[in-house]
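Structure first, then comments.
We use all heavy atoms of the structure for the numbers below, so side chains are in, but hydrogens, waters and symmetry mates are not. Owing to the predicted nature of the structure, the values given are computational and were not obtained by experimental measurement. Order of the sequence lines sets the chain letters (A, B, ...), proteins ahead of strands, with each chain counted from 1.
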There are 2 protein chains.
Amino acid sequence: MSASEDLIASTRELLWERGYVGTSPRAIQQRAGVGQGSMYHHFSGKPDLALAAIGRTAEEMRAAAEARLSGPGTAVERITAYLRRERDVLKGCPIGRLTQDPDVIADPALRRPVEETFAWLRDRLAGVLAEGRDRGELAAGLDPVATACAVVAVLQGGYVLARAAGSAEPFGQAVDGVLGLLAAHARPGA
Amino acid sequence: MSASEDLIASTRELLWERGYVGTSPRAIQQRAGVGQGSMYHHFSGKPDLALAAIGRTAEEMRAAAEARLSGPGTAVERITAYLRRERDVLKGCPIGRLTQDPDVIADPALRRPVEETFAWLRDRLAGVLAEGRDRGELAAGLDPVATACAVVAVLQGGYVLARAAGSAEPFGQAVDGVLGLLAAHARPGA
DNA sequence: GTCTATAAAGAGATAGAC
DNA sequence: GTCTATCTCTTTATAGAC
């Protein structure tokens with residue numbers, strides 16, 4: 001693989017593990033097995049590298065979500081598939097964690113992909129829920145946008161609870177919790 | 001106020017704004033208006049100061065939650081009061097954000113207060129929900145523990161969405177979303 | 001493209017005077 | 001208790017040779 005790709009891969013891992021503030025150019029180079037001069041030849045500095053890494057991660061996250069949400073089944077079944085997909089729960093969400101990085105939030109260029117990813121995800125889930133409601137699978141009174149926000153929030157908050165507890169259990173319980181609440185909105189015979 | 005208290009207050013602010021990794025002893029001293037020697041006289045170092053600061057913040061957070069959850073009203077009313085209480089949404093949760101700090105999670109002494117705070121909160125909410133169910137306010141099939149996890153997760157995830165968006169709006173929508181779902185479990189005439 | 005040298009600034013303390 | 005001096009390592013680059 002090219003040095004450039006190795007650097008992006010290394011940056012993606014470190015941003016996930018230690019965040020933007022906790023990741024140094026030096027650590028990125030060492031993990032990538034690439035020298036200092038090479039890094040500054042391909043990228044103008046830490047923000048530039050982070051931008052490339054975040055963009056790549058956001059793209060993959062979106063594709064992974066789309067695969068579950070565009071699959072077969074009812075709205076609730078597709079959302080269940082998305083929520084219960086295999087995850088490395090204790091590592092958390094590689095995009096959501098950037099939200100706690102003051103230097104990412106302060107830099108519009110770095111924050112944009114984070115903002116766009118969650119905006120897309122909320123819209124996509126709201127679309128699935130609206131579809132389910134219009135098909136009669138879900139109660140007519142269900143608010144697709146608010147419910148979609150709650151579903152995404154449960155995921156992101158589930159990671160927080162799991163990391164606090166040092167265990168994936170609260171994540172699973174939180175997911176069970178929303179799905180249980182959502183089931184009460186399902187129309188019989190849908 | 002004593003130098004010791006000033007240092008704790010300064011550390012609490014900085015941990016909230018920049019996290020553990022992003023906070024230096026030097027920054028703590030400067031914000032507190034306290035010299036280097038003084039800081040190392042009162043505290044053994046950064047971890048020691050952080051421990052004192054986190055403990056104080058956890059205590060306050062717990063008291064604020066207890067005030068709403070032990071108030072009057074039905075289970076859903078008390079949970080609504082807790083979720084809708086005034087918050088500086090874009091600042092996020094001062095305890096939840098520590099969950100993204102690798103050095104906090106790696107240090108058992110620093111992680112303990114974070115773990116205990118969320119464990120207490122989940123239990124407390126589960127208790128309120130179980131009470132509501134037993135009083136007939138909520139459907140008998142509602143799972144108090146899973147639902148409590150989902151409610152706490154919505155809060156923590158709501159902060160994530162708000163910071164990503166640069167706006168408090170998604171937080172409010174996520175809260176509306178869970179409360180809407182919870183309303184479907186409310187027993188008529190409760 | 002990649003390497004090594006250099007460097008100003010900050011992180012995170014320790015030592016000892018006052 | 002608080003202050004200043006000192007110290008080692010890391011951060012985040014830039015410069016110029018190969």
Would you please name every residue forming a side-chain hydrogen bond (donor to acceptor under 3.5 Å, both in side chains) with A:Asp134, sequence neighbours left out?
none
Would you give a per-nucleotide map of nucleotides 1-13 of chain D, 5' to 3', where B means the base has a protein non-hydrogen atom under 4.0 Å away, S means only the sugar-phosphate does, and - means neither?
BBBB------SBB
Can B:Glu66 and B:Arg124 be said to form a salt bridge (charged side-chain N to carboxylate O under 4.0 Å, His left out), step by step?
CA-CA 8 Å; B:Glu66 180 60 25; B:Arg124 190 68 184 84; 2.7 Å; yes
Would you check if there is a donor-acceptor pair between the side chains of A:Tyr159 and A:Arg97 at a distance under 3.5 Å?
no
Got a salt bridge between A:Arg135 and A:Glu131, using NZ or NE/NH1/NH2 to carboxylate O under 4.0 Å?
yes
Taking NZ, NE, NH1 and NH2 as the nitrogens, is one of them in B:Arg31 or B:Asp6 under 4.0 Å from a carboxylate oxygen of the other?
no
